[in-house]
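Written below as structure tokens is the structure these notes are about.
Chain letters run A, B, ... following the sequence lines, proteins first and then strands; every chain starts at 1.
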There are 2 protein chains.
Amino acid sequence: MIKMLEEKQNTEKTILEAAKEVFVEYGFDGASMQKIADRAGINKALLHYYFRSKEKLFEATFREVFYSMVPPLINTVKEEMSLEEKITIFVEKYIDTLRDNPLVPLFILHELNRNPENLPELVKESGIDPAIFFSQINSEIESGNIRPVPPHHLMINILALSVFPFVAKPIIKGLFFNRDNDEFNKFIEERKEIVTTFILNAIKKP
Amino acid sequence: MIKMLEEKQNTEKTILEAAKEVFVEYGFDGASMQKIADRAGINKALLHYYFRSKEKLFEATFREVFYSMVPPLINTVKEEMSLEEKITIFVEKYIDTLRDNPLVPLFILHELNRNPENLPELVKESGIDPAIFFSQINSEIESGNIRPVPPHHLMINILALSVFPFVAKPIIKGLFFNRDNDEFNKFIEERKEIVTTFILNAIKKP
DNA sequence: GTCTATATTGTGATAGAC
DNA sequence: GTCTATCACAATATAGAC
């Protein structure tokens with residue numbers, strides 16, 4: 001009996017792990033239950049036994065991916081840090097996370113585009129709250145410490161500069177590095193500092 | 001006879017137009033020949049008559065989308081312009097183009113990710129050549145006019161800041177604007193200037 | 001819980017009439 | 001060139017044996 005419960009836990013985890021890999025690589029429409037079953041080393045029927053439908057399996061997978069990426073990242077930034085510290089730490093950790101999960105951003109963006117109404121609930125439960133960050137930016141502007149830049153634009157700029165190379169990976173590899181992977185990885189490592197100083201130079205007063 | 005040829009031209013164009021809409025919205029895997037036929041107001045058989053397979057229809061569509069976006073954009077930047085002019089013009093025109101085709105960037109990135117080997121040929125025929133831009137950046141750096149920033153990083157930064165809001169549209173709308181479309185469009189309009197000054201401040205020497 | 005076998009629908013693709 | 005009818009297959013999903 002206990003054995004069964006343990007097996008259930010393991011099988012469910014195995015399925016979710018396989019689903020994560022396949023969905024992230026192929027997207028919802030490109031993935032098939034067969035592919036996921038193969039990847040998990042089981043058969044299709046079990047997928048339905050545990051998750052009832054492809055849709056439900058996908059939802060569970062998407063939540064997993066989203067929650068395993070976003071909250072840990074947000075927690076790297078402590079409230080008491082200076083704006084400069086926050087930006088430096090965030091860019092570095094974000095690029096590190098994406099380096100280890102390079103397909104995730106395009107996956108999330110593609111799927112949110114297919115199904116935008118899923119986002120509000122995810123955001124609410126994930127503890128994302130730009131408010132503190134925004135008021136910090138505003139007070140830095142009012143104190144005359146940095147150039148005036150609308151907080152949401154600055155936030156999008158930080159995300160854009162960090163994420164974009166990963167969603168545009170094929171273009172960058174094809175255009176700059178002749179499809180060489182090592183060169184691309186070097187490029188990504190470089191960006192931690194490049195992006196940080198780029199942002200800080202952009203907002204610092206002369 | 002002439003009538004037939006004219007009809008053939010029109011039908012082919014109609015199909016390509018419908019295919020463009022459906023593929024861009026749903027992606028290759030999410031699109032079906034049935035949807036495309038419905039959108040074009042014809043039946044599936046005709047699609048195969050004109051393009052033989054879904055794959056071939058997609059390739060034709062992708063080329064169309066790619067070539068109708070990229071070369072016109074590159075041509076807005078004239079060789080004799082100053083670096084500052086180039087960046088200003090490019091960001092403005094790029095955001096304008098994307099505003100009119102907001103789904104295209106995510107479509108291109110998603111499909112290139114599925115099929116990266118398609119890119120080299122597209123690039124070769126599209127006249128993309130970062131070399132001139134790169135040497136201009138390098139000479140500006142050597143003359144001490146701007147801060148030292150690796151040309152390919154600067155180029156990616158320009159693209160990132162312009163494109164990212166469109167691929168992250170659902171996130172931005174959901175996080176900042178409560179899913180309001182007008183607010184998002186206002187945000188996009190603002191970015192033309194925000195992004196330009198952000199970049200110029202980042203590279204200008206104090 | 002896990003498997004095999006099967007039902008059912010939707011897909012890309014073709015044949016053949018007009 | 002355009003249509004209807006149809007094929008072959010892959011997809012999600014379920015039934016039932018173990």
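- Across the protein-nucleic acid pair, Phe51(A) atom CZ and dT12(D) atom C1' stand 16 Å apart, rounded to whole Å.
- Taking the six-membered ring for Trp and thresholds of 30 and 60 degrees, Phe177(B) and Phe184(B) have ring planes more than 60 degrees apart, a perpendicular arrangement.
- Relative ring orientation between Phe66(A) and Phe62(A) is described as parallel, the plane-to-plane angle staying below 30° on a 0-90° scale split at 30° and 60°.
- Classification of the Phe107(B)-Phe58(B) ring pair by plane angle, with boundaries at 30° and 60°, yields perpendicular.
- Ala18(B) approaches Ile36(B) most closely through the heavy-atom pair CB-O, 3.7 Å.
- Under the salt bridge (Lys or Arg N to Asp or Glu O under 4.0 Å) rule, Glu189(A) has a single partner from Arg191(A), Lys186(A), Lys192(A), which is Lys192(A).
- Proximity of the aromatic rings of Phe166(B) and Tyr94(B) is defined here by a centroid distance below 6.0 angstrom, and this criterion is not met.
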Base-contact (B) and sugar-phosphate-only (S) positions in nucleotides 3-16 of chain C, heavy-atom cut-off under 4.0 Å, - elsewhere: BB-------BBB--
Secondary structure of DNA chain D in dot-bracket form (Watson-Crick or G-U wobble, distances below 3.5 Å, | marking inter-strand pairs): ||||||||||||||||||
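- For Tyr50(A) and dA13(D), the OH to P distance is 18 Å, given to the nearest whole Å.
- For the residue pair Asp38(B) and Gln34(B), a side-chain donor N or O sits within less than 3.5 Å of a side-chain acceptor on the partner.
- One finds a salt bridge joining Glu25(B) and Arg39(B) here, because a Lys/Arg side-chain nitrogen approaches an Asp/Glu carboxylate oxygen to under 4.0 Å.
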